There are 2 protein chains.
Amino acid sequence: MPVTDEAIDKIKGMIISGELAPGDRLPKEADLAQHLGLSRSSLREAVKALCLIRVLDVRQGDGTYVTSLEPKLLLDAMTFVVDFHRDDTVLDFLAVRRILEPAATAMAATNMTEEDIAELAKLLEGLEESPTVESLVANDLEFHRRIALGTGNPVLCSLIDSLSGPTTRARIWRGLTQEGAVAKTREQHRAIYDAIAAREPELARSWATVHISGVEQWLRNALGEHGENS
Amino acid sequence: MPVTDEAIDKIKGMIISGELAPGDRLPKEADLAQHLGLSRSSLREAVKALCLIRVLDVRQGDGTYVTSLEPKLLLDAMTFVVDFHRDDTVLDFLAVRRILEPAATAMAATNMTEEDIAELAKLLEGLEESPTVESLVANDLEFHRRIALGTGNPVLCSLIDSLSGPTTRARIWRGLTQEGAVAKTREQHRAIYDAIAAREPELARSWATVHISGVEQWLRNALGEHGENS
DNA sequence: ACACTGCAAACCTCGGATGTTTCCTCTAGA
DNA sequence: TCTAGAGGAAACATCCGAGGTTTGCAGTGT
């Protein structure tokens with residue numbers, strides 16, 4: 001195994017074992033390199049890799065720190081990974097969302113505070129009559145994001161967030177708007193909101209299922225007539 | 001933004017835009033470095049980072065290649081991330097599994113082939129009477145893994161795989177075995193299998209829910225009496 | 001008490017040199 | 001002719017050392 005990979009494992013080990021706690025500062029590059037028995041160059045490669053997945057945070061002129069290691073932060077890194085997937089796996093991702101989002105919406109109906117719900121309402125009303133594609137995407141994303149937040153489970157929230165990444169959703173919306181399905185989406189969002197506001201988890205779950213399934217259905221058709229794969 | 005991060009984005013862009021397809025070989029370090037306008041050292045840091053998340057695959061003496069970018073490969077990288085989470089978020093992860101696994105089990109009851117089911121049976125029978133902790137963990141992991149595979153959705157499968165990472169599960173089992181709950185777990189596995197073999201998705205879903213909830217319940221108690229946090 | 005200056009620490013980037021591994025070709029022998 | 005082995009070229013792995021840039025902090029003057 002390359003020394004760099006070894007270094008990655010060792011740093012990982014130091015963090016997991018507790019030798020390095022969240023927020024701790026690592027020894028300076030030169031010292032840590034000597035301690036791990038490799039050159040600064042190689043160590044930097046290891047640090048950079050751990051940086052990409054948000055485990056480490058380097059600040060020029062200051063030092064290298066272990067991040068908070070919160071689920072949100074770490075799962076956020078998954079967005080980066082999801083971006084790489086091609087169109088032919090979009091349906092698979094959507095199928096996962098079809099499992100997660102209804103469950104999350106039901107949880108949100110139970111766990112959201114009144115303030116959260118009020119903000120959700122504001123979000124729905126904040127959308128103008130003929131919105132641009134950008135504001136539509138942003139509004140849709142934020143709506144589902146608030147619900148995910150409302151579950152009270154940061155892991156679930158981050159996971160949904162990643163899966164609904166801007167890329168995937170943007171692609172979906174770009175087509176959806178052309179079909180004029182905006183109104184229906186807005187109605188369904190409203191229905192989901194009403195169910196949450198009424199504290200009806202099962203109703204909320206059902207509307208969420210309807211919502212996601214509609215998108216899935218449309219996407220399946222769009223992909224079917226567009227690409228001829230499989 | 002540091003030049004290395006820029007390089008990461010550029011390489012990512014080249015892949016997403018299709019300029020670099022899965023399996024393609026990148027230009028050699030020196031050339032790519034010049035093309036991107038940075039030094040080899042900095043480029044190597046970028047490559048190493050993309051390597052950690054399985055987007056690139058470097059082979060000494062050969063070259064650097066874009067991986068297949070399959071969901072399994074990319075989501076696998078998430079296992080690395082999940083390893084960093086501390087005990088206080090285990091319940092949150094388990095809550096997500098409680099959503100995903102029942103749904104997956106139901107899907108498996110519909111989609112698994114007869115061969116898959118036969119192998120699942122073999123797996124259950126293959127466990128000796130008084131297994132070691134290691135074989136127990138391995139068997140349990142493989143059982144749920146086969147079911148996840150049986151959904152036919154690689155994204156869902158990899159996701160479940162990552163969340164049920166060895167670390168988390170090992171910790172859970174270590175305690176479970178001490179309580180003598182092995183028999184009950186085995187019964188539930190058997191019940192899940194029977195439901196799948198009978199092609200009863202809803203029954204399979206219910207048993208999976210029962211199974212996961214049992215683990216969750218036990219874990220909640222164990223954490224409650226052990227740690228005094230929150 | 002506040003603001004500015006200066007310095008030191010730490011990371012950032014670069015370029016080159018040397019070691020290792022892999023792949024491919026060429027050759028010698030069967 | 002086919003095959004096995006030797007050799008070399010290509011590409012990555014690792015290291016080292018030299019500046020450059022940013023940040024945090026202490027010291028200083030008002």
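Below, read A as the first sequence line, B as the second, and so on, with proteins coming before strands; counting in each chain starts at 1. Worth saying up front: this structure is predicted, and the values here are computed from it rather than measured.
Residues from residues 34-56 of chain B that place a heavy atom under 4.0 Å from any atom of DNA chain D, listed by number: R40(B), R44(B).
With rounding to whole Å, E6(A) atom CD is found 14 Å from dA13(D) atom P. Here the P atom of nucleotide dC25(D) and the CG atom of D62(A) are 8 Å apart, to the nearest Å. Distance, E29(B) CD to dC12(D) P: 5 Å, rounded to whole Å. A straight line from CZ of R25(A) to P of dC11(C) spans 7 Å, rounded to a whole angstrom. Across the protein-nucleic acid pair, M1(B) atom CE and dT21(D) atom C1' stand 17 Å apart, rounded to whole Å. As a whole-Å value, the separation of D57(B) CG from dA11(D) C1' is 14 Å. If you measure from atom CG of D5(B) to atom P of dC12(C), you get 9 Å, rounded to the nearest angstrom. Rounded to whole Å, the distance from CG on D31(A) to C1' on dA9(C) is 12 Å.
In terms of modelled atom types and a separation under 3.5 Å, the side chain of D161(A) and the main chain of S158(A) share no donor-acceptor contact. Under the 3.5 Å distance criterion, the side-chain polar atoms of D116(A) are left unmatched by any main-chain donor or acceptor of G150(A). Under the 3.5 Å distance criterion, the side-chain polar atoms of S162(B) are matched with a main-chain donor or acceptor of L75(B). Judged by distance alone, the side chain of D92(B) and the main-chain N or O of V155(A) form no donor-acceptor pair under 3.5 Å. A donor-acceptor distance shorter than 3.5 angstrom exists from the side chain of T67(B) to the backbone of R54(B), with no hydrogens or angles considered.
At a cut-off of 3.5 angstrom, the base of dT20(C) holds at least one donor-acceptor pair with the side chain of Q60(B).
Between dC12(D) and T64(B), a contact under 4.0 Å exists linking OP1 or OP2 to a side-chain N or O.
Inspection of the T64(A) and R25(A) side chains reveals no N or O donor paired with an N or O acceptor under 3.5 Å.
Each of dC12(D), dA10(C), dC14(C) was ranked by its minimum atom distance to the side chain of V3(B); first place goes to dC14(C). Looking at the side chain of V58(B), the nearest of the listed nucleotides dC12(C), dT14(D), dC12(D) is dC12(D). Side-chain proximity of T4(A) to dT14(D), dT13(C), dA11(D): nearest is dT14(D).
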Distance-only criterion, 3.5 Å: show the donor-acceptor pairs between side-chain atoms of residues 28-35 of chain A and protein atoms not counting sequence neighbours.
residue	atom	partner	partner atom	Å
E29(A)	OE1	R40(A)	NE	3.0
E29(A)	OE1	R40(A)	NH2	2.8
E29(A)	OE2	R44(A)	NH1	2.8

